[in-house]
Amino acid sequence: MWRRTKSRPHPAKGKPGASRLITAAMTGGAAFGFPDTGTPAWPGERGRMDETVAADYGRSWYAATAVAAPERPPLAFDVDVDVCVIGAGLAGLTTALEIARLGWSVVVLEAKRVAWSASGRNCGFVLPGFACDPHRIVERVGLDRARRLWALSEAGVAYVRTMIRESELPAVHPARGWLDVSKTDDLDEMQETLSLLAGDFGAAVEGWPVEQVRELLKSDAYFHALHYPNAFHIHPLNYALGLAAAAEAAGVRIFEDTPAREIDPAGVRKRVATPAAMVRAGQVVLAGNVHMGELMPRLAETVLPVTSYTAVTAPLGGRLHDAIAYPGAVSDSRFANHHYRVVDGDRLLWCGEGTCFSRDPRKVAESSFKPAIAAVYPQLGPVEFTHAWGGSMGFAIHRMPQIGEISPGLWVAAAFGGHGLNTTAIAGNLIARAIVENDDNWRQFEPWDLVWAGGTSGRLVQETRMRLRNRRETVAAALAQRRDRKRRAAAPPLYRRSDEETDGPPPTDWAEVRAVAAAPPTEARRERDEDEPLRPAEIYGRRAYGDPSFGPDDAPEPPNALDWRRAKAIEDRAGGSDETAPGSSPQRPERPRSVDSRHGRPSGR
């Protein structure tokens with residue numbers, strides 16, 4: 001229940017549509033099973049932006065193509081709620097939305113604007129997994145627990161996809177697929193990762209040979225790749241703005257320009273002081289990521305801020321499609337360089353160059369991105385950038401997200417760098433379940449403690465490590481390309497012209513790969529003798545995975561481990577429960593009032 005010290009009308013009243021995003025938006029999602037909601041909402045010419053928006057979100061292409069959103073007022077009166085969320089990024093908004101959907105009162109405090117930092121400035125890749133290498137996760141917690149964590153990461157991807165589709169979020173522009181390509185010819189690493197993910201984890205991933213990669217990415221810089229068919233990329237700022245609108249529709253109150261100055265986490269009712277008012281809440285969620293320094297200095301010291309840069313080219317026309325025929329996202333590095341995707345039909349969005357110390361985005365685009373694009377796709381010719389910006393991500397030393405309860409009733413959701421769109425969805429759902437239902441699934445992340453990041457010395461060490469890793473990658477890539485050129489120069493021609501000057505067939509192995517790639521997913525593979533060598537298609541593997549958002553398939557999508565509300569509704573209907581009638585929503589769990597012995601904290605009021 002809300003309690004105010006003085007009466008003040010909400011500024012959205014009397015202004016139709018002020019509390020939600022406008023429904024008119026740019027086209028692009030309908031082809032992938034998402035709503036197509038019309039034309040651009042941004043005032044003025046496309047690509048230009050209001051100075052206020054530029055100040056809030058940076059001069060990014062995302063800000064220039066953002067849908068309209070209300071400016072929410074700062075908190076000016078004391079409130080008493082069940083949960084206070086600090087930070088209106090993706091993690092905070094998801095947490096608030098899911099708690100509100102379960103019937104609890106929630107307030108979100110944002111020091112600036114909704115999604116003004118990394119949540120609205122990132123590359124827009126919605127990927128399974130974590131920033132931490134999956135082999136390291138297995139070493140840390142064992143195969144069974146690592147498999148459950150991977151399932152959670154896939155559920156995070158499914159949550160974002162479902163949110164876009166069911167809430168009909170405008171101008172998010174989802175496009176399917178992610179290629180993690182290799183710039184070296186060493187196949188062992190990819191085979192090892194493919195064996196772990198596709199074999200042990202049962203993940204939706206397949207290996208692509210060099211020829212298949214280069215058929216879609218017309219570059220000699222690339223070799224084999226891992227393809228994730230259920231990953232996708234989006235307009236992250238519009239997704240975050242849509243998430244905020246959905247949260248407000250569920251009853252969440254969001255206050256912008258309201259920094260949390262001080263927090264008293266002791267007692268049953270926590271107190272959060274803001275410049276003009278006080279918030280009292282039974283639970284507090286710290287979702288400020290790298291911006292928690294003034295409020296919680298010791299917590300902030302466990303997160304390493306890394307600034308990544310993004311730039312968008314001017315329209316490139318048909319030459320872009322001649323170079324890049326893949327509609328999904330592409331990553332060509334294990335670390336910070338580089339990631340890219342086609343946006344707006346014929347523009348190239350390029351990001352990377354992560355650094356622990358901020359630089360001028362324009363200089364990064366000119367000095368780093370231009371040479372990188374020229375090296376990978378020389379056929380594009382000179383490119384010019386219309387937008388360049390940076391965004392600070394948070395990384396823990398172990399590269400896993402920080403999700404959990406750090407003291408009774410005080411929760412943290414941070415360190416989502418590298419895989420922020422899926423891991424923020426995980427954090428929001430797990431913390432909501434923990435607060436409302438006393439669910440313990442958040443303990444999957446307990447093995448990764450809050451570790452001091454080393455302060456300025458730690459940033460210097462990490463900066464040096466990143467530069468050395470990138471340098472080693474660059475050298476390894478150059479050597480691989482040299483070997484590749486020598487092999488092709490020494491190899492016999494793929495086929496010889498006959499006397500009649502007619503072309504002969506392509507080599508058998510690649511013809512088989514192409515045939516398998518083109519075959520329907522239900523085609524059965526022939527039996528192979530024990531001594532018969534593996535064909536290329538069998539080495540790399542090809543499987544079909546369901547993805548209802550992007551069209552029918554013959555294999556079901558993995559269960560969404562985050563969507564417990566639907567799971568409960570299905571269980572109740574299947575079991576003939578009297579509490580939930582067929583076709584109705586599941587009954588909200590009753591708010592417990594006693595102290596929970598598992599967590600040692602009051603649950604609710």
Side-chain angles (χ1 to χ4, degrees), residues 58 86-87 89 91 111-112 116-119 121-123 130-133 135-137 139-141 259-263 265 286-310 333-339 351-361 363-364 367-368 389-404 406-407 410 412-420 423-424 427 445-476:
I86 300 174
K112 294 188 178 181
W116 70 274
S117 188
S119 292
R121 301 176 184 230
N122 61 78
C123 292
F130 303 91
C132 183
D133 184 89
H135 297 281
R136 290 186 177 273
I137 297 177
E139 291 173 3
R140 185 73 172 265
V141 299
R261 296 297 192 196
E262 188 178 355
I263 181 171
L286 303 171
N289 206 16
V290 298
H291 306 288
M292 300 295 295
E294 293 184 10
L295 183 64
M296 300 286 287
R298 294 187 64 185
L299 178 63
E301 289 174 354
T302 67
V303 179
L304 185 72
V306 176
T307 301
S308 182
Y309 302 92
T310 308
S333 170
R334 306 287 79 76
F335 304 107
N337 309 315
H338 287 107
H339 316 278
C351 51
E353 295 295 332
T355 174
C356 294
F357 301 94
S358 297
R359 299 164 60 190
D360 183 348
K363 290 182 179 179
V364 172
S367 64
S368 298
W389 67 96
S392 294
M393 307 173 290
F395 284 86
I397 294 299
H398 43 62
R399 299 180 69 84
M400 286 292 283
Q402 298 174 345
I403 301 173
I406 54 178
S407 67
L410 185 64
V412 62
F416 302 111
H419 282 251
T423 53
T424 51
F445 294 90
E446 273 190 326
W448 292 276
D449 299 325
L450 300 177
V451 181
W452 181 54
T456 303
S457 299
R459 295 171 67 181
L460 287 169
V461 170
Q462 291 298 321
E463 182 77 10
T464 303
R465 291 181 61 188
M466 286 191 291
R467 289 181 181 274
L468 290 174
R469 285 193 302 240
N470 290 334
R471 180 59 183 167
R472 284 199 300 266
E473 260 193 9
T474 301
V475 172

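Scope of the values below: all heavy atoms of this structure, side chains included, with no hydrogens, waters or symmetry mates.
Taken to the nearest 0.5 Å, the CG atom of L286 stands 5.5 Å off from the CE atom of M296. Taking NE2 of H339 as the reference point, atom OG of S308 lies at 6.5 Å (rounded to 0.5 Å). In this structure, CD1 on I403 lies 12.0 Å from CD on E446, to the nearest 0.5 angstrom. For the atom pair H398 NE2 and D449 CG, the distance stands at 7.0 Å (nearest 0.5 Å). Note: F416 CZ to N122 CG = 12.5 Å, rounded to the nearest 0.5 Å. Here the SG-CZ distance, from C356 to R465, works out to 10.5 Å after rounding to the nearest 0.5 Å.
Among all heavy-atom pairs drawn from P265 and L410, the shortest one is CB-CD2, 4.0 Å. Closest approach of Y309 to F357, counting heavy atoms only: OH-O, 3.9 Å. When all heavy atoms of R359 and S367 are compared, the pair lying nearest together is NH2-OG, 4.1 Å. Taking each heavy atom of M292 and N289 in turn, the nearest pair found is CG-O, 3.6 Å. Heavy-atom minimum distance, R121 versus W389: O-NE1, 3.1 Å. Residues A131 and R399 come closest through the heavy atom pair O-NE, 3.3 Å.
Using a 4.5 Å heavy-atom cutoff, the side chains of P305 and H291 are not in contact. Residues S117 and K112 form no side-chain contact, since every pair of their non-hydrogen atoms from C-beta on lies 4.5 Å or further apart. Side-chain atoms of T302 and V412, non-hydrogen and from C-beta on, never get closer than 4.5 Å to each other. Considering only heavy atoms from C-beta on, L450 stays 4.5 Å or farther from R298 through its side chain.
Taking the six-membered ring where tryptophan is involved, the planes of F130 and F445 are perpendicular, since the angle between them exceeds 60° and thus also 30°.
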For this session: Carefully, step by step, assess E463 and R459 under the rule salt bridge (charged side-chain N to carboxylate O under 4.0 Å, His left out).
Result: CA-CA 6 Å; E463 182 77 10; R459 295 171 67 181; over 6 Å; no

Exercise. Could you walk me through whether T307 and T355 pass the side chain to side chain donor-acceptor pair (under 3.5 Å) check?
Worked result: CA-CA 5 Å; T307 301; T355 174; over 6 Å; no

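Within a 6.0 Å radius of CD in E262, other residues, nucleotides and ligands contribute 12 heavy atoms or fewer.
Salt-bridge annotation for R469 and E473: absent, with no side-chain N of the basic residue lying under 4.0 Å from a carboxylate O of the acidic one.
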